[in-house]
Number of protein chains: 2
Amino acid sequence: MNTAIKIFKALSDRNRLRILLMLTKKKLCVCEIQDILGITVSTVSKHLSILRDIGFIVDNKEGKWVYYSLNTASKDLILNQVMLVLPFYLNDDELIQSDLDKVNNFSRKNLCKS
Amino acid sequence: MNTAIKIFKALSDRNRLRILLMLTKKKLCVCEIQDILGITVSTVSKHLSILRDIGFIVDNKEGKWVYYSLNTASKDLILNQVMLVLPFYLNDDELIQSDLDKVNNFSRKNLCKS
DNA sequence: TTTATATTTCGTTGATTGTCAAAATATAAA
DNA sequence: TTTATATTTTGACAATCAACGAAATATAAA
């Protein structure tokens with residue numbers, strides 16, 4: 001499949017857009033993302049693999065946890081153009097703004113049992 | 001559904017990308033587009049309605065024909081950013097380049113019976 | 001008005017996809 | 001090693017979607 005289509009398909013899901021926007025704030029592990037999205041961890045993992053395979057995000061293993069963060073090194077034209085405007089575009093999306101509040105405020109201790 | 005998601009979904013189909021790229025060359029009626037895509041006219045019509053509803057293209061009725069062209073008046077941020085880079089991005093897509101050749105060379109007379 | 005051409009709408013079908021639960025894998029703590 | 005926590009993979013299911021053919025609508029020519 002054409003890379004452009006893969007990119008647009010990856011962006012065609014609300015939960016994946018939520019993940020991308022969350023990661024503009026800071027890197028997050030899978031259970032933190034799961035807590036905010038409110039869906040099963042297996043589904044979160046699937047979404048993350050789609051975003052990683054197309055190059056939007058990268059993963060880093062730290063002990064028991066896998067942290068995901070935006071791939072700032074990508075040279076892809078569409079990917080970079082989209083990430084440039086997406087935060088502005090979703091400025092008035094209440095659910096996504098609520099996600100960002102949670103990202104800034106939650107405490108890892110309650111989610112990830114150490 | 002969120003507008004951003006609608007836009008990305010509209011862009012997630014190869015035939016719709018082909019249509020958009022063709023229309024960067026000139027306005028086309030439905031039967032011209034059908035001839036190039038090689039799919040049924042009802043499917044072409046459906047693709048066109050999706051692209052029109054989200055604001056990528058506009059239609060103009062001229063007698064028996066409906067001509068479609070790019071919506072150059074759109075103020076949508078993502079839509080404009082994407083249309084800016086898409087032609088460069090799909091530069092090396094052989095099918096789409098073949099479409100553009102056909103758009104420049106075909107004769108309406110053989111397609112649209114007057 | 002009748003016929004021909006152009007386009008859209010409707011109903012159906014096969015393929016794709018987001019979701020979940022369960023099983024498998026990985027790592028750290030006990 | 002055993003147990004607990006984190007993550008990924010697998011299989012199943014319901015919803016979505018691109019495609020087709022047929023029917024409906026629209027316009028112009030005969």
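Scope of the values below: all heavy atoms of this structure, side chains included, with no hydrogens, waters or symmetry mates. Note on naming: letters A, B, ... go to the chains in the order of the sequence lines (proteins, then strands), and numbering restarts at 1 for each one.
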Out of C/dT19, D/dT7, D/dA18, whichever nucleotide has its closest atom nearest the side chain of A/Trp65: D/dT7
On the nucleotide D/dT8, are OP1 or OP2 found under 4.0 Å from the side-chain N or O atoms that A/Tyr68 carries? yes
Considering every strand and a 4.0 Å limit on heavy-atom distances, what is the contact class for A/Tyr67: base, sugar-phosphate, or nothing? nothing
Where the side chain of B/Cys29 is concerned, which of D/dA18, C/dT7, C/dT8 is the nearest nucleotide? C/dT7
Compare side-chain N and O positions of A/His47 against OP1 and OP2 of C/dT19 and report whether any pair is under 4.0 Å apart. yes
Are the side chain of B/Ser45 and the backbone N or O of B/Val41 linked by a donor-acceptor pair below 3.5 Å? no
Taken to the nearest whole Å, CG/B/Asn15 to C1'/C/dT16 is 16 Å
Expected output: side-chain B/Gln97 to main-chain B/Glu94 donor-acceptor under 3.5 Å: no
Between CD1 of B/Ile39 and P of C/dT8 the distance, given in whole Å, is 13 Å
Strictly below 4.0 Å: does B/Arg14 bring a side-chain N or O up to OP1 or OP2 of D/dA18? no
Quick one: label B/Leu48 by what it contacts on the DNA or RNA (base, sugar-phosphate, nothing), any heavy atom closer than 4.0 Å. nothing
Quick check: does any side chain N or O of A/Arg16 sit under 3.5 Å from a backbone N or O of A/Lys9, one acting as donor and the other as acceptor? yes
Please classify the nucleic acid contact of B/Lys61 as base, sugar-phosphate, or nothing, using heavy-atom distances under 4.0 Å. sugar-phosphate
When you compare the protein's N or O atoms with those of nucleotides 21-25 of chain C, which come within less than 3.5 Å of each other, and at what distance?
{"residue": "C/dA21", "atom": "N6", "partner": "A/Ser42", "partner atom": "OG", "Å": "3.0"}

